[in-house]
**Student:** 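Pasting a structure here, questions to come.
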Amino acid sequence: MASVSVSTTLNTDEVEFLCQADETLLDVLRNRLGLMGAKEGCGTGDCGACSVIMDGRVVCSCLVLGAEAQGKTIETIEGMAQGSELHPLQKKFIEHAALQCGVCTPGFLMAAKALLDANPSPTEEEIRFWLAGNLCRCTGYDKIVRAVADAAAEMRGEAS
Amino acid sequence: MRYERPETIGDATALLASAKGRAFVLAGGTDLLVRMKSDAFEADMVVDIKAVAGMSDISETADGFEIGAAVPCAALGEHAGLVAAWPGVVEAANLIGSTQIQGRCTMSGNLCNASPAADSVPALVAAGARVRIAGPDGTRIVPVEDVPQAPGKTTLKKGEFIAAILLPKPAQRSGDAYLRFTPRTEMDIAVVGVGVQLALDAKGVVETARVALGAVGPKVVLAEQAADTIIGTALDDAALEALAEACSAASNPIDDKRGTAAFRKHVAGVLARRAAKIAYERAGGK
Ligand SMILES: Cc1cc2nc3c(=O)[nH]c(=O)nc-3n(C[C@H](O)[C@H](O)[C@H](O)COP(=O)(O)OP(=O)(O)OC[C@H]3O[C@@H](n4cnc5c(N)ncnc54)[C@H](O)[C@@H]3O)c2cc1C
Ligand code: FES
Ligand code: FES
């Protein structure tokens, strides 16, 4: 199988890698670039654990080829905190105990970030619909939804 | 397997036409990548069309709208003009999958995957949409309903791919709607899907109508006799009843784990009635 040479912007760094033509972006991130944040829950687009933001849209990295990252801007969970300063969403997830085992968490955080980038004041219904492609077997979702709403409020400068 | 990313339509058709084994167009990959992971799947080449000029554009033309084959469904819902003109088509496309899937999936991929349950297809057929097909011998334009042939099979010839979906300019006093039945509200496959488009005269009488049914046969059904039942009516109860019966009659579904044939026939009628009412209101009827 022919290798493909790819250059992309990953969490503001210029990155180059070689991958197989049929290799997914998720496998490239985890196996070639050492970024273990995105998880493989299903590999078929159903669970959202592999969510990353590509050119501003949240996508399942298990359904993107590594080769498709050419010239794109990719954001993963590893780029979310600024140094040791956690993103408001990360802080609120901890505060609201919106995670238990944590397997779904990077995916939820990336999807929620894409939501708040597009819509700084989502309703509860909008949050629930937006996150419908992210599955969590532990929390029962309620705490996640509250954490996202609270982070949105904080980012709008409203006291919670 | 080779991965190719051509930048012109000519290069894309040349690659597809010259491929030795099986070549696949890659749009959003939300069907293709799932298939690629199965052991039974074999591809010699994947031709990513997203870098082809114009493929990612929605343009308003004198005749209506032209939607490039690589436009993700999320972008349809962000296009105010398209939402205003074809709310049913946009709603159908926006039902596909989750936020993550929406960022990638395309209507052309939905059509070419040729699943009988594809959500955007009945809405496009009801709207009278056509596709522009590019191929080694030039381009041809065909109605959407002529693209799927059987589950997983299209009428496209080797070297051909869909370059754009063409939606007409909506007629005066017209409206469209799409409804599907799924056991869950999100992330599920249609058990039945119904698209309706109609146009009214100044008195609110249905002048033209198109009704399309999904998941009730091997491919989308353009139910012309069903549409005839509401033409010339003001969509009163008797007309709606006749529409529902005609849609059930036009359905030829199978029993499967998602629903029985009898249930699907019934639901086709129920959804047609509801979709017709929405389309009628959107057309300005009361
Ligand atoms: C989690 C999940 C949920 C889903 N939910 C739904 C749903 O609710 N409703 C629904 O209808 N579908 C659903 N799907 C299926 C899929 O997302 C849609 O069919 C989607 O529209 C496919 O578009 P795509 O651009 O991703 O196609 P791709 O995967 O890129 O392509 C699909 C097929 O069409 C061919 N193709 C693509 N573009 C062209 C073209 N321009 N010309 C010729 N051939 C082409 C490809 O070679 C391939 O065979 C879901 C999929 C997933 C993974
Ligand atoms: S691993 Fe990608 S959606 Fe589940
Ligand atoms: S915290 Fe365990 S799956 Fe969500």
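Everything numeric here is computed off the predicted structure, so don't read it as measured data. Side chains included, hydrogens not; waters and symmetry mates left out as well; all remaining heavy atoms used. Quick note on labels: first sequence line is chain A, next is B, and so on, each numbered from 1.
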**Student:** Do B:Arg22 and B:Asp44 sit within salt-bridge range, that is, some charged N less than 4.0 Å from a carboxylate O?
**Tutor:**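 Looking at B:Arg22 and B:Asp44, the cut-off is not met.
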
**Student:** Are any of the side-chain nitrogens in B:Asp119 or B:Arg180 under 4.0 Å away from the carboxylate oxygens of its partner?
**Tutor:**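 Here B:Asp119 pairs with B:Arg180 in a salt bridge, since their nearest N and O are under 4.0 Å apart.
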
**Student:** Hey, are B:Arg258 and B:Asp188 close enough for a salt bridge, meaning a charged N less than 4.0 Å from a carboxylate O?
**Tutor:**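 The answer is yes: the pair qualifies as a salt bridge.
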
**Student:** Looking only at heavy atoms, which of residues 108-133 of chain A get nearer than 4.5 Å to chain B?
**Tutor:**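 Only A:Ala111, A:Phe129, A:Trp130, A:Ala132, A:Gly133 of residues 108-133 of chain A have a heavy atom under 4.5 Å from chain B.
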
**Student:** Can a salt bridge be assigned to the pair A:Lys91 and A:Glu85 using a cut-off of 4.0 Å between side-chain N and carboxylate O?
**Tutor:**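 A salt bridge links A:Lys91 with A:Glu85.
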
**Student:** So, are B:Arg35 and B:Asp31 salt-bridged, with charged N and O less than 4.0 Å apart?
**Tutor:**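 No, B:Arg35 and B:Asp31 are not salt-bridged.
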
**Student:** Might you confirm whether atom CZ of A:Arg30 has over 12 heavy atoms from other residues, nucleotides or ligands at distances under 6.0 Å?
**Tutor:**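 Counting other residues, nucleotides and ligands, CZ of A:Arg30 exceeds 12 neighbours.
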
**Student:** Around atom CZ of A:Arg137, are there more than 12 heavy atoms of other residues, nucleotides or ligands at under 6.0 Å?
**Tutor:**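 No, the 6.0 Å shell around CZ holds no more than 12 heavy atoms from other groups.
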
**Student:** Mind checking which of residues 53-70 of chain A sit less than 4.5 Å from chain B, heavy atom to heavy atom?
**Tutor:**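 The stretch touches chain B at A:Met54, A:Arg57, A:Val58, A:Val59, A:Cys60, A:Cys62, A:Leu63, A:Val64, A:Leu65, A:Ala67, A:Glu68, A:Gln70.
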
**Student:** Which answer fits B:Leu32, side chain, backbone, both or neither, if we ask what part of it has an atom under 4.5 Å from a heavy atom of chain A?
**Tutor:**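 Looking at B:Leu32, nothing touches chain A.
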
**Student:** Heavy-atom cut-off 4.5 Å, strictly under: side chain, backbone, both or neither for A:Ser51 against chain B?
**Tutor:**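 Answer is side chain: those atoms of A:Ser51 sit under 4.5 Å from chain B.
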
**Student:** I want to know whether B:Phe161 and B:Phe24 have ring centres closer than 6.0 Å.
**Tutor:**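 Judged by ring-centre distance (under 6.0 Å), B:Phe161 and B:Phe24 do not meet the cut-off.
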
**Student:** Between the side chains of B:Arg5 and B:Tyr3, is a donor N or O closer than 3.5 angstrom to an acceptor N or O?
**Tutor:**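 Note: B:Arg5 and B:Tyr3 side chains meet the donor-acceptor criterion.
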
**Student:** Can you confirm whether A:Met80 sits close enough to A:Leu89 that some side-chain heavy atom of one is under 4.5 Å from a side-chain heavy atom of the other?
**Tutor:** yes

**Student:** With a 4.5 angstrom heavy-atom cut-off, is it the side chain or the backbone of B:Glu4 that approaches chain A, or both, or neither?
**Tutor:** neither

**Student:** Whether B:Asp256 and B:Arg264 form a salt bridge (side-chain N of Lys/Arg under 4.0 Å from carboxylate O of Asp/Glu) is what I want to check.
**Tutor:** yes

